[in-house]
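Here the structure is a predicted model, which is why all the values come from computation and not from measurement. Chain identifiers are assigned alphabetically (A, B, ...) following the order of the sequence lines, protein sequences preceding nucleic acid strands; residue numbering begins at 1 within each chain.
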Protein chains: 2
Amino acid sequence: MTPTEHPSVPSADARGDDERSRGRRDARPPTIYDVADAAGVSHQTVSRYLRGYEGIRPATRARVEQALDDLGYRPNLTARSLKSGRSLRIGALTHEISHVGPSRNAQAASIAAREAGYVLDLIFLDAHDAEAIRSSLDLLAQQDLAGILALSSTDEMTRVFESTDFRVPTLIRTESDEIGRAGASELTGVGIPKAIGHLADLGHRDFLHVAGPENWSAARNRTRAFEFEMARRGLRSSGVLAGDWSARSAFEAVAALPDPFTATAVLAANDQMALGAMLALKQRGLRIPEDVSVVGIDDIPEAAYFDPPLTTLRIDFASSGRASLQELLALIDPALATKPELPAPAELVVRASSGPAPARTPDVGEPVRTAC
Amino acid sequence: MTPTEHPSVPSADARGDDERSRGRRDARPPTIYDVADAAGVSHQTVSRYLRGYEGIRPATRARVEQALDDLGYRPNLTARSLKSGRSLRIGALTHEISHVGPSRNAQAASIAAREAGYVLDLIFLDAHDAEAIRSSLDLLAQQDLAGILALSSTDEMTRVFESTDFRVPTLIRTESDEIGRAGASELTGVGIPKAIGHLADLGHRDFLHVAGPENWSAARNRTRAFEFEMARRGLRSSGVLAGDWSARSAFEAVAALPDPFTATAVLAANDQMALGAMLALKQRGLRIPEDVSVVGIDDIPEAAYFDPPLTTLRIDFASSGRASLQELLALIDPALATKPELPAPAELVVRASSGPAPARTPDVGEPVRTAC
DNA sequence: TTTCGCAATGTTGTCGATAACATTGCTTGC
DNA sequence: GCAAGCAATGTTATCGACAACATTGCGAAA
C-alpha cells in the first residue's frame, strides 16, 4: 500500500516525438482516397462503407475493411461537416465552474452529449462584463456548432446571449423550476418550500435568508421562493442578506448583522454560504442547531462533513444537465427528440445542523466563543 | 434590495424562433461569395481583406467593409481549417471537474487558450476503465484539434493516452513539481516540505497522512513527498491512509483507526479530506488544534470557513493551467513559443487548524462528543 | 510613344468528405 | 435472345475558404 509499490508510470514528456506505434508522424492522415486506392475501389465506395450502406458486395467490403485497417484511417470531421453542413459539436457556456452545481451540470451535459454522438465544447466566461462575454460568444459563433447551451445564467449573460445571432438553436437553462417557484409553490413537495416546511415543523418562526448574487436568475428564484413561502405560511423573515455564493460573503454578512440576532433558522442559497454563515454564527456565540438551525441548498459532497453536518436540499444537477442537453438536441433535430428526462425534484437531506427551535430567543451578546 | 425590484429578465425559451434582430433564420450564413457579390468584387478580394492583406485600394476596401457589415458575415472556421489544415481548437481531458483544482486548472487553460486565439474543448472522462477512456479519445481524435492536453492524470488515463495515436501534439500535465517532489525537496521552499516544516516547528513529531487515490499521479507525488520529508527530518509517520479525495473517504479512514490515536499532526492530500478528517477527529474526542493539528492542500475557497479554519497549502492552479497550455502551444507551433509561465510555488496559509504540539499524547478513549 | 513592371484584382484548383448523377454488368421477363 | 430493371460501383459537382496562377491597367523607363 505504500506508494513506492506503485508501478512507475512515466509522467512527463508524454508526446511521442520519435517513434509511434503506428502512423507516420509527418505524413498526412490517410483520406478515403488513399483507402480507395489501397482497396482498388473508388472513394465513393469507401464513403458508402463508412456511412453504413448495405449494398456492397462482400468481396469489395472485405477489401475496403482491409485497407481501412491497414492505413489506420480516421474520418476527418471537418471535411464531413463542411459538406454535410451539420456538425456534431455543441457549445456550452458556463461561469464559475468551480462551483459544484454548474460543474456537475456541465459534466452531465457533456456525457449526455457524447452518448448522442456529439462533443460538448465547454466555454468559460470569466468576466461579468458584457463586452468580454460578447467577444467570447463571437468566437464561439464561428465554431460551427450544432447548438449552444447556456448553463449558468446571469442577467448579463442572458442579455448578451439573446442579442447575439448564433444562427443555430440555443437554449438557456434556468435551473429554477425544480428548486422552487414562487408562483407554483402550492406544490409543497418542491424544493425550498420543503426546506422551510421542515424548519417550520421544528417550531421555527423567524427566518433569515442568505441569498446569492441578484444578477443570477437561480439566486433570484431561490430568494423569491423563500419570500413567497414566508408569506404563505405567515412566518417572519428577519431579512435577506446579499451573498455572492461564497462562504466568505455569507460569513461577512452574518458577522455584520447587528445584535440581537433574532432568527432561529437560516436558509442559505447554497452550501458554501451555509458554511460561512455557520462559522459566523458560532463566532457570535450561537450554537448550531441548539440556538440556530442552518439549512443549505445543493448538497455538495462536503456538506455531510461540515461541523455540524449540514441539512440541505439535494439538487439533482446531473439530471438537470442531461435534461437541458436533451432539450437542446430536440431543438437541433426535432426528429430525434426523445421525451426529455424530468429532473428529479429536490430532496431534503436532514442532518445535524437543523433541530427544534429554541424555547425562547437565544441569548445574544455573550462573549464570543472560539469554535468548539 | 428585495428581489421583486429586479428587472424582470425573460428566463426561459431564449431561442428566437420567430424574428431575430438581424440575419434570417433559415438562410445559410453569408459566405465570402455573397459578400463579394454584394461588394461587386471577387471572392478572393474579400478573402484577402479578411486575411489582412494591405494592398487593396481604399475604394475597394470600403465596399468590402460595407458588404461585410451589411450581411453580418462571419467566417466559417470549418472551411478555413479544412483548407489550411490547421485548426484553432485544443482538446483538454479531465476527470472530476467538480474538484476545485482540476476545475481551476481547466478554467485557466481555457482562458489562456482563448487569448492565444484557440478554443479549448473540455472533455470529461467519467469512467476510470480504460475502454471508456479509449472510446472518448477516439471521438476526440476525429475532432480536428491542434493539440491535446490531459489535465488531470490517472494511471489508466496516462496509459491509454500514450498508446493512442492522436497525430497532433499532446501533453500530459503532472501537477506534481510545484507541490513537492521527492527527489528535489532539498528545495525546502517547495510545497509539502513547507507544510511539514511548519508543523515540525510547532513541535510535532508524529504525523499521519491521508493520501489521495494511488492511481492519481498527483496523489502519489504528494505521498512520496510526505514520506521523503518524514525520513529527511527524522519524523515519525503513524501511517498513510488511503483516501479518494473525498471528505467521506478521509472521515471513514480516520474514524476507523484503532485507538490510541498517536499522531499529533495530520496532513491531508487535499482540503476536502482535511475536512472529513477533522470531523472524524472531533468525533473521536480530539480537539483541533489543541490535541491534533490538521493541514490540507489546495486552499479551496471554503477552507478558511471550516471549523476551525484550515491551515493549508495554497496551490496556484490557475497559473499551472496557463503554463500547461503555453507548453502545449509551444509544441503546436514552436515559432510562437513564449517562455512558459512558471507556476507560483505553493504557499502555506496558516489558519487555526494547526497549533503547537500538545505536551503529551492526547487522551484517547474519551466518550465521543457530538460536534461542539 | 511603346513596352516593361508591378500593383490590384480575377479565375481556377484544392482540402476531404458527401450527394447527385452516370455507368457497368447481371438477372429476369417476354 | 434481347431489352428492361436494378444492384453495384464509378465520376463529377459541391461545401467555404485559401492559394497558386492569370489577367488587367496604370505609371515609369527606354
Taking C-beta and beyond as the side chain, do Leu171(A) and Ser324(A) meet within less than 4.5 Å on heavy atoms?
-> yes
Would a 4.5 Å heavy-atom cut-off, applied to side chains only, mark Tyr53(B) and Thr45(B) as touching?
-> no
What is the distance, rounded to the nearest whole Å, between atom CG of Asn76(B) and atom P of dC15(D)?
-> 12 Å
Is Arg80(A) near enough to dG16(C) that one of its side-chain N or O atoms lies under 4.0 angstrom from OP1 or OP2?
-> no
Atom pair distance, as rounded to whole Å: CG in Leu77(A) and P in dG16(D) | 18 Å
Side-chain heavy-atom pair Leu50(B), Leu68(B) within 4.5 angstrom cut-off = yes
Which nucleotides of nucleotides 5-15 of chain C have their base under 4.0 Å from a protein heavy atom (B), which only their sugar-phosphate (S), and which neither (-), written as one string 5' to 3'?
-> ---SBBBBBBB
Any Arg51(B) side-chain nitrogen or oxygen under 4.0 Å from OP1 or OP2 of dA17(D) | no
Does Tyr73(B) put a side-chain nitrogen or oxygen below 4.0 Å from OP1 or OP2 of dA17(D)?
-> yes
Can you find a heavy atom in the side chain of Phe124(B) that is under 4.5 Å from one in the side chain of Leu93(B)?
-> no
Leu50(B) CG to dA17(D) C1', straight-line distance once rounded to whole Å = 10 Å
Distance from Leu88(B) atom CG to Arg114(B) atom CZ, nearest 0.5 Å?
-> 14.0 Å
Min side-chain heavy-atom separation Tyr73(B)-Pro75(B) under 4.5 Å | yes
Gap between atoms CG and C1', on Leu68(A) and dA17(C) respectively (whole Å) = 14 Å
